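Here the structure is a predicted model, which means the values were calculated and not measured. Per chain, numbering begins at 1; letters A, B, ... match sequence-line order.
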Protein chains: 2
Amino acid sequence: MPNLDKSLVADLPIFEGMNPDDLSDIIREAQSIRYPKGSSVFQQDEEANSFFILLHGHLRVMKVTPDGQQVVVRFVAPGEIFGIAMAMGRKTYPATALAVVDSVALVWSAAAWPRLVAKHPSLAVNTIQTVGSRLQDAHTRVVEMSTEQVERRVAHALLRLAQQAGRKGEDGIKIDFPISRQDVAEMTGTTLHTVSRLLSAWEDQGLVESGRQRISIRNPHKLFMLAEAPSH
Amino acid sequence: MPNLDKSLVADLPIFEGMNPDDLSDIIREAQSIRYPKGSSVFQQDEEANSFFILLHGHLRVMKVTPDGQQVVVRFVAPGEIFGIAMAMGRKTYPATALAVVDSVALVWSAAAWPRLVAKHPSLAVNTIQTVGSRLQDAHTRVVEMSTEQVERRVAHALLRLAQQAGRKGEDGIKIDFPISRQDVAEMTGTTLHTVSRLLSAWEDQGLVESGRQRISIRNPHKLFMLAEAPSH
DNA sequence: CGACTTGTTTGATCCAACACAAACTGGCGG
DNA sequence: CCGCCAGTTTGTGTTGGATCAAACAAGTCG
């Protein structure tokens, strides 16, 4: 591993409270792999032989139902650990991870996990927190899907995207990876048609500015009010 | 702690791979507390001062939205660990836990957690798996809410309840704690009216048998088919 | 640069499920 | 044992969004 990567990785929450020697020890076992745009990092139901930390790019994690419908579970941003199915006691990946842009990840063998955890207990403690916060997110999403109607769900989804992957630009916050109406629909449990209509309406009101696989939020505050309170 | 409780607890997944001495060490720090039917074990947004293992009874865990709507997150059955918010790095409980029948839980101080984990690393490893499997469940629920319509969601919910808390009786599997139409509605993101209509219809077809806060599944196989494939 | 692919917009129609409303019932407390 | 209350059933109207259908850009590639 080049030093460059080590410095990128040192401050990640998953390595919090770990001394540099231990960190080197862990990173030494990884290799960095490049995933071209559109390629898959792992596939749903495939044997979970590796776990990962994303260095560059963005991934879309999704589940496919038996009848072929897709649901976007989340997007992975640089610095996040992912594909830790085996740490959760699973033999296979529960979802598919796809590179939405050219991406690079650190990759460990799943076999290394028990040894690393045994040697560096804080790794397990930090992993509980990582998985725990994802559990919170998932529950938040369940609550939203149960109680809110589509307009608010989509507004919430955009705000979350802006927070996780927003690049502050001239006129508002731009989501800095390609994302389609279909993607947003699969995040919120609706159809691309409905998302398209909503974005068009919001564009007219000056809340967002969007195009082909591209969304910017011009007025986060107004969008937030829309997300919290009914249409008006 | 009386020996009785120790034997109940020894085989739980959370203590897997732990020798009896270590187990005693952990259990010694807990006290067992009784929660009468209808009382709360902890409240949403309250400071997370404890974590728990349920010994007897059943709990309903639920989230309340700002506008007062409730969503049932899950039911806790005996043997399950719950209220581990602080292990996931939270200061407060993200939900409310209510005893649906008279219940008893082992209670630890949250302050004991870091010490216990440091001394017994397998505790952390097992906790990752516990939290991980809840994350899977939550994602399954998100996928269901996104892609399935109400009838199938309710069918799935009943089958899950039967699996987790089903008591095999003469004519089918009875859910062995009081559960209302409203509860099922809050688990599936619908209204008690719709749940009532579905149960009535299923009763006519001989799939279930239900009454006031009481549901039995007479024909799990047919209900399962209904859950997997559309109405027909 | 024209053909084609992939993503987007917009219109028209339809229906599952929600909202509202009212009557019913089992079981508990006084 | 009667009255009350929480939980349930069932009817009727309404609607948010899905579905179906087409035309319309914006890249991309030969």
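Formation of a donor-acceptor pair under 3.5 Å by the A:Q44 side chain with backbone atoms of A:V64 is found in this model.
Look at CG on B:L198: it is 8 Å from P on C:dA17, rounded to the nearest Å. If you measure from atom CZ of A:R214 to atom C1' of D:dG27, you get 13 Å, rounded to the nearest angstrom. With rounding to whole Å, B:L199 atom CG is found 9 Å from D:dT8 atom P. Atoms CD (A:E148) and P (D:dG17) sit 11 Å apart, rounded to a whole Å. A:M145 has its CE atom 12 Å from the P atom of D:dG17, to the nearest Å. Here the C1' atom of nucleotide C:dC18 and the CD atom of B:E151 are 17 Å apart, to the nearest Å. When the P atom of C:dT9 is taken as reference, atom CD of A:E203 falls 8 Å away, rounded to whole Å.
Here the nucleotide nearest the side chain of B:Q213, chosen from D:dT8, C:dT10, D:dG16, is D:dT8. Listed nucleotides: D:dA25, D:dG17, D:dG7. Nearest to the side chain of B:R212: D:dG7. Residue B:R197 has its side chain nearest to D:dT12 when only D:dT12, C:dT9, D:dT9 are considered.
The aromatic rings of A:F82 and A:F52 lie parallel to each other, their planes meeting at an angle below 30°, with 60° marking the opposite boundary. Under the 30°/60° scheme for interplanar angles, the aromatic rings of A:F177 and A:H58 are found to be tilted.
A heavy-atom distance below 4.5 Å is found between the side chains of B:L59 and B:S103. Using a 4.5 Å cut-off on side-chain heavy atoms (C-beta onward), A:R214 and A:K174 make contact.
Remark: B:E228 does not engage B:R152 in a salt bridge, criterion side-chain N to carboxylate O under 4.0 Å.
Here the CZ-OG distance, from A:R60 to A:S180, works out to 7.0 Å after rounding to the nearest 0.5 Å.
Mapping B:G211 and A:R153 onto DNA chain D by nearest heavy atom places B:G211 at the nucleotide closer to the 5' end.
Heavy-atom distances under 4.0 Å link DNA chain D to B:S180, B:R181, B:L192, B:H193, B:S196 of residues 177-196 of chain B, given in residue order.
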